Amino acid sequence: MLSIILPLITSTAFALTFDKNVPQDIQAQMVADLNFIGTLTGTRQTALHQQIFTAVDGKKYSEFFNSRVKSVGLSACGGGAAVACVQPMFAPDKMWLTQNFIKFSHPQIARMMVVFHEARHTETKNGNWGHATCPRPFLDEQGKNKVSIWTGAPLAGEPACDITPLGSYGSSTIMLKNIAMNCDNCAEKVKMDADLYATDQIGRISDAAAKKKMVDDFKTKRKI
Amino acid sequence: MISKQNAKYRSILFLLILSGLAVWIFTREKSLNKNQIEAPIVDTKVTQELSGETEGSFSLKPDQKAAKEEIKVETGGLTPADQKKWLLITESINNPNDNEPRVDSELKDLSNEMHVLIREAYSKTKMENRNGRGFLAFLIARDLKTLEDVRFLESIYQEPPCVGMSDCSKQEDADPHIASINQTSLNYPQYVALYQFERRLDAHPELLQDPAFRAEVEAMLREAKQFPAPEISARVAALQEKLGL
């Protein structure tokens with residue numbers, strides 16, 4: 001009798017559960033996106049990528065994600081233009097997608113960057129990799145204040161930066177940069193997109209030493 | 001001391017409880033499975049089976065299509081080979097899944113007729129379809145050949161900026177935590193055009209030896225530098241310096 005019961009208990013150990021109110025098309029796109037990530041291959045990775053994800057490898061990315069996120073729900077994520085979020089104090093291993101996940105026309109790798117950024121925030125043992133407050137002033141390479149392009153709202157003083165390469169902005173940037181450089185079975189558009197969005201995201205690393213560490217890391221390639 | 005009869009009743013009761021537990025677990029699993037889709041798991045082959053795609057295949061499923069828009073252009077003059085390529089392009093414009101190997105194996109060194117159609121399709125693609133417009137810009141910039149191609153890239157920097165993902169004419173709440181991905185996507189065609197243009201010139205520097213082509217490129221970069229996104233302007237400035245333009 002026990003041999004019948006035990007398999008039933010453990011059969012759903014690695015399944016991603018969607019809440020019933022998550023629309024089918026959002027579920028399908030999330031699965032398609034994760035399947036895409038799950039099939040990536042590469043033969044090299046940088047040291048920081050090795051530290052966070054190990055290899056540029058779909059199986060490793062899947063393990064990373066699956067070990068952090070067990071279920072997906074639907075939420076407005078505070079309204080606005082978000083595509084995904086997590087609420088680790090409320091549900092530590094759950095990710096929430098918004099209608100924007102399929103409504104907004106983002107490249108696929110950009111959606112996955114957000115998903116992996118949010119997955120990093122579920123790590124309770126690491127304080128959920130909370131963001132740092134962007135410094136005042138927060139300047140770009142041209143010495144100008146970093147602002148939201150169209151609203152002009154400054155980023156200075158906002159909790160939207162990282163001071164470590166290992167946080168959510170850093171880790172997702174490292175992932176995408178390595179995909180751009182080292183993915184063997186990615187289309188050129190995917191690699192370009194990974195490079196574009198990683199280049200943008202590194203702008204959120206507000207600590208100079210952390211940023212330098214990442215820039216130097218991206219100059220290296222390491223064989224497995 | 002427990003009588004034999006009591007022991008028998010206890011055994012029956014225990015088996016009944018165990019059976020009830022088994023039935024409860026079974027029905028609960030059945031209920032959860034209605035909402036479960038297998039996460040991507042270690043076995044890549046299984047992952048592909050779950051998605052319904054085989055390696056190297058490409059198919060749009062109805063539940064994977066975002067708001068599909070039909071781009072109407074005249075394709076009657078295309079060769080059969082180009083017709084096939086055009087079908088791939090029109091599928092890709094609306095496809096949220098980007099890792100299609102045929103885009104690299106079949107959509108390079110395109111005919112002039114194809115370039116004309118792609119440029120036309122760009123003008124007819126909704127502004128809010130940032131990925132689709134970026135994809136078309138990607139095809140032209142990657143395959144840059146003619147003065148018309150350069151003028152097309154210039155036009156990308158002349159279009160009104162897209163200020164909202166839902167509606168390009170309306171700004172959205174810019175939560176800074178998530179704003180960065182949106183700001184890149186809002187300017188995606190502009191980023192893509194520059195990115196691929198630079199790579200094209202890296203691979204074919206001889207293009208700039210043609211005075212007419214060079215003049216057109218200079219005009220394009222001047223226009224791009226005026227695009228009201230600081231990051232775009234900065235990249236243009238860096239490219240101008242690199243090319244000595």
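Naming: A, B, ... by sequence-line order, numbering from 1 per chain. None of these values were measured; they are calculated from a predicted model.
- Looking only at heavy-atom pairs under 4.5 Å with chain A, the residue among B:V192, B:V103, B:L186 that has the most is B:V192.
- Only the side chain of A:Y169 comes within contact range of chain B, with heavy atoms under 4.5 Å apart.
- A donor-acceptor pair shorter than 3.5 Å can be found between the side chains of B:Q190 and B:E159.
- The residue among B:P230, B:A234, B:P228 with the most heavy atom pairs within less than 4.5 Å of chain A is B:P228.
- For B:N99, the parts lying near chain A are the backbone and the side chain together; criterion is any non-hydrogen pair under 4.5 Å.
- At a 4.5 Å heavy-atom cutoff, the contact between B:E128 and chain A is made by backbone atoms alone.
- Residues B:N182 and A:H106 have side chains that bring a donor and an acceptor to within less than 3.5 angstrom of each other.
- With a threshold of 4.5 angstrom between heavy atoms, A:E118 approaches chain B through side-chain atoms but not through N, CA, C or O.
- Side chains of B:D167 and B:S169: a donor-acceptor N/O pair is present below 3.5 angstrom, by distance only.
- The contact between B:V163 and chain A is made by backbone and side chain atoms together, counting heavy-atom distances below 4.5 Å.
- Within the 4.5 angstrom heavy-atom criterion, only side-chain atoms of A:M113, from C-beta onward, approach chain B.
- For a residue to count as touching a neighbouring chain, one of its non-hydrogen atoms must lie under 4.5 Å from one of that chain's; by this rule A:E188 touches chain B with backbone and side chain alike.
- Looking at A:D184 and A:T41, their side chains never bring a donor and an acceptor atom within 3.5 Å of each other.
- For chain A, no part of B:E231 is nearby; none of its heavy atoms comes within less than 4.5 Å.
- Contacts of B:R133 with chain A are absent, with no heavy-atom separation under 4.5 Å from either backbone or side chain.
- A donor-acceptor pair shorter than 3.5 Å can be found between the side chains of B:Y188 and A:D193.
- If you tally non-hydrogen atom pairs under 4.5 Å between each of A:D195, A:L40, A:V83, A:L155 and chain B, the highest count goes to A:D195.
- Proximity to chain B involves both the backbone and the side chain of A:K189, based on heavy atoms less than 4.5 angstrom apart.
- Side-chain contact, A:Q29 with A:D33: a donor N or O sits under 3.5 Å from an acceptor N or O.
- For the 3.5 Å distance criterion, the side chains of B:D98 and B:N131 qualify, holding a donor opposite an acceptor.
- Ring centroid separation for the pair B:F152 and B:H115 does not come in under the 6.0 Å cut-off.
- Of the N and O atoms on the side chains of A:Y197 and B:S185, at least one donor lies less than 3.5 Å from an acceptor on the other residue.
- Contact annotation for A:A110: both backbone and side-chain heavy atoms come within less than 4.5 Å of a heavy atom of chain B.
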